[in-house]
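This report concerns only the one structure given below.
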Amino acid sequence: MNDLPTCYNPKESEDKWYTFWEKNNLFSAKVNPSKKPFCIVIPPPNITGILHMGHALNNTIQDILIRYHRMKGEEALWMPGTDHAGIATQNVVEKSIAKEGLKRQDLGREKFIERVWQWRENYGSTIIRQLKKLGASCDWSRTRFTMDEQYSLAVKRVFVSLWNKNLIYQDDKVINWCPRCQTALSDEEAPHREIQGNLYYLRYPLKEGQPPSGAAPYIIVATTRPETMLGDTAVAVNPKDRRYKKLIGKTLILPLMNREIKIISDGMVDMKFGTGAVKVTPSHDPNDYALGKKHNLQFINVMYPNGRMNENAGDYKEMDRFEAREVILEDLKEKDLLEKVEPHNISCGHCYRCHTIIEPYLSRQWFVKMKPLAKPAIKVVKKGKIKFYPKRWTKVYLNWMENIQDWCISRQIWWGHRIPLWYCRDCNKEAVASLEKPQKCSVCNSSNLKQDEDVLDTWFSSWLWPFATFYWPFEHTTEEKDDKRLAISDKQKDLNYFYPTSVLVTAPEIIFFWVARMIMAGEEFMKDIPFRDVYIHGTVRDIEGKKMSKSLGNVIDPLDIINEYGADALRFSLISITAQGQDVYLSKERFEQGRNFANKIWNASRFILMNLEPANINTDLCIFFKKENLGLVNRWILSRFYSVLKEVNKNFSAYKFNEAANTLYSFFWHEFCDWYLEAIKHDIRNAQNQVVMYKILEKFLRAIHPIMPFVSEEIWQRINETTRQRDNETTSIMVCPWPHIQEQIIDKRTESQAQIIFGLITEIRNLRSSIELKDTRKLKFSVYAHTKIKQGLIRDNAALIKNLAKLEELELLELNQRPANTISAVSQAADIYLHFSGLFDSAAEQQKIKGKINNLEKIIKSKIAQLNNADFLKRAPREIVDKEKENKAKLEDELRRLEKMSNELR
RNA sequence: GGGCUCAUAGCUCAGUUGGUUAGAGCGUUGCGUUGACAUCGCAAAGGUCAGAGGUCCGAAUCCUCUUGGGCCCACCA
């Protein structure tokens, strides 16, 4: 073991052990009736994705859960896979062929899709490789893709099923249109962001010239999107608005277009906004659309799908919408029809893939009726069958579900699941939904059928993830990837065993997109919830609280961190600062803590291995503990370990990963290394010490394994090597059982006794630093304890105290034997006096004691007030009152001793 | 407009159902190295828990309001 380097080198361990785990099939999970299943389905990253900190956090949490439950003896399955990410992937591939000077239209649909598959072959598994770097213990043999043939079948099944239930319909609506991607988007895909804009006040002249009242011969409307005026087919005012009452029903001349439009009245119009008169563009605004329907207005679409003005836009044809805006304003100004311009912040939708400003656009799309699907999904959450962590997201979920809108599922792109609807070219009757192309038209028998051109929203496949990944609906396909060795009944067993899955780990922005829809799909198609718990973690931000993004240039690349500090360091640091549900503020320095901790574990292990006699490690701890009369430190560290383990179990089951990480950290570093190992160092060959230090290390490694899999495995393997105790049954720490709590070893009295001794040692060290003695060894201390018990305690641990406080001699005296004028300190840990004879700065000591006295007096005063309070005595629980009384007595006692000391120092 | 969330040490954050003298990491200061670890050890300094009010015997914790950040939702042209 002397050949262990003095620093932990993650690079030498990580790939080595990851390959080892994979080779030994340690990630695989299968139906095992004797075990409890534990299953997580990964939020499938996009095939275009590259690992960012959000992924790192998300997947670290999942891996911790999986590794923890696997060690606890559950059949733990982490189902991996990737998402075809329709628009995102299409965009990437379009960019890639653009380098060859090609557009997708040049290739044609079929060839283009071929290119996408090709791209996926080449780059689509980048993120999987990166997840492996992180240590993710997914069952890779099951890796799924949302465009797998089997998966497509599930998508089509679901579409047909909804179709048959009349939950899918086609309609003309003003939807979110991305002029750059040239497709419709769902509301969720077009998040609103506020941008700086203007409110333009336009004059629309009256046809009749002067109005009856003799007021201005025009009406002023306010708009943020002047270019849409070309499609105006009315102006609306509130019927109660006195200003316009007489104008209702009159005709206006729409400027630039010279179209006659009516002034209509509707209660929807807000009198307080703008001028109280609103231009109505039914084809380019959802509200106006509603008005258009209600008042039977004309619908004039003035734009091409690419955001340029079309033939309905008169002279502005072919201009880009924003260019048109400027020109129109110029033209209106020239005609003196622009009243004024006011700065105005407007909130408008942006494409979530390319950030282009959404154009509300009238078009014919396919929708899913959501209300019937939402109903059971609301119920299961309300009944607590599905729980959110932190709880507050429940409300967010329910609020959205209760106000759910129909889901626009058709996309005008090529990459994705093509809508399984078929039309007869000959008779042109209604569409037919079918898994396969129908042989012939059911009406006219023609075989001249064509499929719908559109594809489905990517999320229309993602929402099936928790069961479609298990080969639901269990029908054979021709695809190689589908594991045909599994009979249909086995696949069903697989799903029955692992579904509902245990927990879903994801970020808040995905709740509507995915979580809510998975719950709906689970209820609709499986008649059961998809998962029991939903753990929502925070968003990873930079140190200033900004979201990490490439465009801001504030990204910390997890792969850089792995490269520089190691995967365990990344995992530990990330987890230790992630309080449940809070956003994570990251700076690169945070990862030093994780790196240092891995190194600390490494070095403590190195020290132990260097001194370990293999003969001592086969002991059964429980028997050993009962049989041996262990000394204080050994009993203490064992008790502490199990106390800590209990805490960690509790934290894991409550999804408080940061607390688990920090509890383990401070135990190992500050208790095990700083106190325990230092205490036994001088007598490390002692058999009792050997057993205890080995057992603690070995069990600690298992406990830290879910968080830091690599360093724990590396050391675990080296222990086996050193001790030649390699057990053929157990090949890796990751399949070792999670340490079992030994209740009988936990002893709070032992823990507090150790605290007294350690407190005393700290006092001596303090004293030493205050008297600035260089030659430390020569120091001689005398200790006086009040009670026989404490005297015994100190006597029993004199060697320990001498050793850790580096004393030449420690003298234990009765109180009345105390020499005069030698007092110098008192242990705050207990009623123990501490004296030493020798030179010291009595003035400084006096100062220190005075400070302590002041502090004590203040506290005692408040205690007295509390205990004099009749209400406190009457209303507070008995044990609290008793505790406070005892506390006060203790403090007073200490105060008396301090005062005495202070006097004697004079 | 509705909802959520945050404000605790110089910095970044913990702090369970209210109950000893409010914690950690980093940073700062002093001391320390002839083999586990300087990616280290021993110690110290540093906080009227954003402000005001309330509930309670008792509030960092619960309630209300104020101030200042962040986020989400909604059909404010």
Side-chain angles (χ1 to χ4, degrees), chain A residues 2 4 6-8 174 191-192 199 221-225 228 236 268-270 272-275 277-281 285-290 344 346-347 360 392-393 395-396 399-400 403 508-509 511-512 539 541 543 545-547 565 569 573 576-577 579 581-587 589-590 592-593 595-611 650-651 654 656 658-659 662 665-666 673-674 677-678 681 762 765-766 768-770 772 774 776 806 828 855-856 858-859 862-863 866 869-877 879-881 883-884 886-888 890-891:
Chain A
N2 293 324
L4 274 181
T6 61
C7 269
Y8 170 57
V174 173
H192 283 244
L199 194 54
V221 295
T223 179
T224 54
R225 295 186 296 149
T228 62
M268 250 175 82
V269 179
D270 179 0
K272 283 176 230 126
F273 190 90
T275 59
V278 57
K279 61 191 253 340
V280 182
T281 322
D285 183 280
N287 282 328
D288 294 3
Y289 178 78
H344 183 73
I346 43 177
S347 155
R392 71 182 126 92
W393 295 110
K395 214 171 146 185
V396 176
N399 186 48
W400 187 77
N403 297 296
E509 59 264 31
I511 292 176
F512 307 142
T539 307
R541 297 172 185 284
I543 208 73
K546 292 197 190 90
K547 212 163 163 173
Y565 300 96
S573 286
S576 80
I577 57 171
Q582 275 332 110
D583 285 353
V584 183
Y585 292 68
L586 265 191
S587 69
E589 295 77 56
R590 307 279 339 197
E592 286 174 14
Q593 190 190 3
R595 177 200 58 184
N596 294 357
F597 188 38
N599 191 54
K600 190 72 181 178
I601 297 171
W602 174 262
N603 272 295
S605 307
R606 176 170 176 256
F607 175 64
I608 289 168
L609 286 173
M610 270 164 43
N611 292 288
K650 215 174 85 189
N651 293 332
K656 296 190 171 175
N658 62 324
E659 292 184 32
N662 293 329
Y665 175 92
S666 92
C673 291
D674 289 351
L677 287 182
E678 290 304 321
K681 209 173 219 173
T762 300
R765 287 169 175 167
N766 258 330
R768 182 201 307 288
S769 76
S770 77
E772 288 175 22
K774 289 277 176 237
T776 54
K806 289 185 179 148
Q828 281 186 309
N855 192 29
L856 265 181
K858 250 191 273 169
I859 298 160
S862 78
K863 291 282 161 214
Q866 189 180 22
N869 185 337
D871 282 330
F872 174 66
L873 298 174
K874 209 164 68 191
R875 288 172 208 264
E879 61 273 19
I880 298 289
V881 175
K883 214 159 120 191
E884 287 302 321
E886 196 185 320
N887 208 351
K888 185 199 148 216
K890 254 191 209 164
L891 292 166

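Residue numbers start from 1 in every chain, and the chains themselves are labelled A, B, ... in the order their sequence lines are given, proteins ahead of strands.
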Using the C1' atom as the reference point in each nucleotide, state the distance between B:rU5 and B:rA9 in Å, no decimals.
-> 23 Å

With C1' as the reference atom in both, quote the distance from B:rU29 to B:rG69 in angstrom, rounded to an integer.
-> 33 Å

With heavy atoms under 4.0 Å as the rule, sort A:Pro360 into base, sugar-phosphate or nothing.
-> nothing

Both distances under 3.5 Å, Watson-Crick or G-U wobble: report the partner of B:rA36, or none.
-> none

P-based separation of B:rU61 from B:rU17 [nearest Å] | 14 Å

When rounded to the nearest Å, what value does the distance between P atoms of B:rC11 and B:rC72 take?
-> 27 Å

Donor/acceptor link under 3.5 angstrom from A:Gln593 side chain onto base of B:rA24 = no

At under 4.0 Å, does any side-chain N or O of A:Arg875 touch on OP1 or OP2 of B:rC57?
-> yes

Which is true for A:Asn662 with a 4.0 Å heavy-atom rule: it touches a base, it touches only sugar-phosphate, or it touches nothing?
-> nothing

Begin with the C-alpha distance, continue with both residues' side-chain angles, and end with the deciding distance and a verdict on side chain to side chain contact (heavy atoms under 4.5 Å, CB included) for A:Asn603 and A:Phe607.
-> CA-CA 6 Å; A:Asn603 272 295; A:Phe607 175 64; over 6 Å; no

Reckon A:Thr762 has a side-chain N or O less than 4.0 Å from the OP1 or OP2 of B:rA43?
-> yes

Do A:Lys874 and B:rC57 have a side chain to base donor-acceptor pair shorter than 3.5 Å?
-> no

Rounding to the closest angstrom, what is the interatomic distance between B:rA36 and B:rG41 at atom P?
-> 14 Å

How would you label the contact of A:Leu891 with the nucleic acid (heavy atoms, under 4.0 Å): base, sugar-phosphate, or nothing?
-> base

Could you go step by step and tell me if A:Lys656 and A:Asn658 meet the side chain to side chain contact (heavy atoms under 4.5 Å, CB included) rule?
-> CA-CA 6 Å; A:Lys656 296 190 171 175; A:Asn658 62 324; 4.3 Å; yes

Given B:rC40, B:rG19, B:rC4, which nucleotide is nearest the side-chain atoms of A:Asn596?
-> B:rC40

Within 45° of the axis and under 6.0 Å from the centre of the six-membered ring of A:Tyr665, does NZ or CZ of A:Lys600 qualify?
-> no

With both distances under 3.5 Å as the test, what is the Watson-Crick or G-U wobble partner of B:rC65?
-> B:rG51

Any A:Arg765 side-chain N or O less than 4.0 Å from OP1/OP2 of B:rA43 | yes

Now, which nucleotide makes the Watson-Crick or G-U wobble pair with B:rU29, with each of the two distances under 3.5 Å?
-> B:rA43

Could you check A:Asp285, A:Asp288, A:Thr228 and say which one makes a side-chain hydrogen bond (donor to acceptor under 3.5 Å, both in side chains) with A:Lys279?
-> A:Thr228

Looking only at side-chain N and O atoms, does A:Lys650 come under 4.0 Å of OP1 or OP2 in B:rU16?
-> no

Sugar-phosphate only, base, or nothing, as touched by A:Glu678 at under 4.0 Å among non-hydrogen atoms | base

Which nucleotide sits closest to the side chain of A:Val269: B:rU21, B:rU39, B:rA77?
-> B:rA77

Looking at every strand, decide which applies to A:Ile577 at a 4.0 Å heavy-atom threshold: base, sugar-phosphate, or nothing.
-> nothing

Mind checking A:Asn403 for me? I need base, sugar-phosphate or nothing, with any heavy atom below 4.0 Å counting as a touch.
-> nothing

Watson-Crick or G-U wobble partner of B:rG23, both distances under 3.5 Å | B:rC13

How would you label the contact of A:Arg392 with the nucleic acid (heavy atoms, under 4.0 Å): base, sugar-phosphate, or nothing?
-> sugar-phosphate

Output, in order, the C-alpha distance, side-chain angles, deciding distance and verdict of salt bridge (charged side-chain N to carboxylate O under 4.0 Å, His left out) for A:Glu678 and A:Lys681.
-> CA-CA 5 Å; A:Glu678 290 304 321; A:Lys681 209 173 219 173; 3.1 Å; yes

Rounded to whole angstrom, note down the C1' distance from B:rG3 over to B:rG15.
-> 26 Å

Considering every strand shown, what is the Watson-Crick or G-U wobble mate of B:rG1 when both distances are under 3.5 Å?
-> B:rC73

Taking atom C1' in both B:rC49 and B:rA24, what distance in whole Å separates the two?
-> 16 Å

With under 30° as parallel and over 60° as perpendicular, where do the rings of A:His344 and A:Phe273 fit, or are they tilted in between?
-> perpendicular

Among the nucleotides B:rA14, B:rA36, B:rA77, which one has an atom lying closest to any side-chain atom of A:Asn658?
-> B:rA14

Please state the P separation for the pair B:rU55 and B:rG2 - nearest whole angstrom.
-> 28 Å

Distance test, side-chain N/O of A:Lys863 to OP1/OP2 of B:rU21, below 4.0 Å = yes

Phosphate oxygens OP1/OP2 of B:rG25: is one of them under 4.0 Å from a side-chain N or O of A:Lys600?
-> no

How is A:Lys395 classified with respect to the nucleic acid when contacts are heavy atoms under 4.0 Å: base, sugar-phosphate, or nothing?
-> sugar-phosphate

